[in-house]
Amino acid sequence: MTGKVAIIGSGDFVMPFSALGVDCWAVSENTDEIVSCAEKIIAEKYSLVIVAENIAPAANQVFGRFVSQATPCVLVVPFTTESKGFAIESLSKLLKIATGINILKSV
């Protein structure tokens, strides 16, 4: 896959990724800020977007429109906060699109 990679989450979440040379977008948990940032990421045509689970519900307002498209591929990952199940649910949907079956059905 070619294209740009974006990481969106709190400053603590994106900091380790910045060492890898990917584009990091540090946001607070303010919904308007998250939505605005997600719209910028879409406008800049990133291929892969990694989203911290704690901001994923707000970011999904934007990224959810692209769930059936190949790009951007949006991957939600858990962080240091307690998991709310959004990351597993998101991964399950991606895997179902990729494989045609619900691999994580028992989760």
Side-chain angles (χ1 to χ4, degrees):
M1 172 170 81
T2 60
K4 300 187 295 183
V5 177
I7 313 295
I8 180 173
S10 68
D12 290 343
F13 180 80
V14 301
M15 184 176 38
F17 293 100
S18 64
L20 300 174
V22 296
D23 295 339
C24 296
W25 302 72
V27 294
S28 68
E29 291 194 27
N30 177 289
T31 301
D32 292 336
E33 181 182 358
I34 295 166
V35 168
S36 175
C37 184
E39 289 171 347
K40 289 176 188 172
I41 288 171
I42 292 297
E44 292 189 24
K45 301 196 183 304
Y46 283 86
S47 297
L48 174 63
V49 182
I50 299 174
V51 181
E53 183 178 30
N54 62 317
I55 66 149
N60 195 46
Q61 294 179 31
V62 175
F63 296 134
R65 298 187 306 240
F66 301 91
V67 71
S68 63
Q69 297 179 17
T71 58
C73 176
V74 178
L75 178 61
V76 178
V77 296
F79 189 46
T80 57
T81 58
E82 183 178 336
S83 177
K84 304 267 191 273
F86 200 89
I88 292 294
E89 181 183 331
S90 176
L91 181 59
S92 178
K93 288 177 184 176
L94 285 174
L95 289 172
K96 186 171 182 180
I97 290 169
T99 64
I101 58 174
N102 191 353
I103 295 173
L104 299 178
K105 180 171 38 177
S106 64
V107 175

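Position 1 is the first residue of the sequence, and the numbers go up from there. In this text, all values refer to a predicted model and were calculated from it rather than measured experimentally. Side chains are part of it too, since the values below use all heavy atoms of this structure and drop only hydrogens, waters and symmetry mates.
- Across every non-hydrogen atom of Ile8 and Ala38, the tightest pair is CD1-N, 4.4 Å.
- Between Asn54 and Glu29, the shortest heavy-atom contact is ND2-OE2, 3.1 Å.
- Under the 4.5 Å side-chain heavy-atom criterion for ILVMFWY residues, no single connected hydrophobic cluster contains both Ile34 and Met15.
- With rounding to the nearest 0.5 Å, the separation of CD1 in Ile55 from SG in Cys37 is 7.0 Å.
- Contacts of Asp12 classified as side chain to side chain donor-acceptor pair (under 3.5 Å), with partners at least two apart in sequence or in another chain: none.
- With sequence neighbours excluded, the residues that form a side-chain contact (heavy atoms from CB on, under 4.5 Å) with Ser18 are Cys24.
- Using a 4.5 Å cut-off on side-chain heavy atoms (C-beta onward), Phe13 and Val77 make contact.
- Contact annotation: the side chain of Pro72 never approaches that of Leu48 to less than 4.5 Å [non-hydrogen atoms, C-beta and beyond].
- Residues Trp25 and Val14 fail the side-chain proximity criterion, which asks for heavy atoms closer than 4.5 Å.
- Listed here is the closest heavy atom pair of Asp23 and Tyr46: OD2-OH, 2.6 Å.
- A pairwise comparison of heavy atoms in Gly9 and Ala52 identifies CA-CB, 4.0 Å as the closest pair.
- Applying the ring pair (Phe, Tyr, Trp, His ring centres under 6.0 Å) criterion to Phe63, with sequence neighbours excluded, gives no partner residue.
- Proximity of Leu75 to Val49: side-chain heavy atoms (C-beta onward) are nowhere separated by under 4.5 Å.
- The heavy-atom pair separating Val51 from Ala59 by the smallest distance is CG1-CB, 4.2 Å.
- No donor-acceptor distance shorter than 3.5 angstrom exists from the side chain of Lys40 to the backbone of Val35, with no hydrogens or angles considered.
- Residue Lys4 comes nearest to Glu44 through the heavy atom pair NZ-O, 3.1 Å, listed as atom of the first residue, atom of the second, then distance.
- For Glu33, the side chain to side chain donor-acceptor pair (under 3.5 Å) partners two or more places apart in sequence, or in a different chain, are Ser28.
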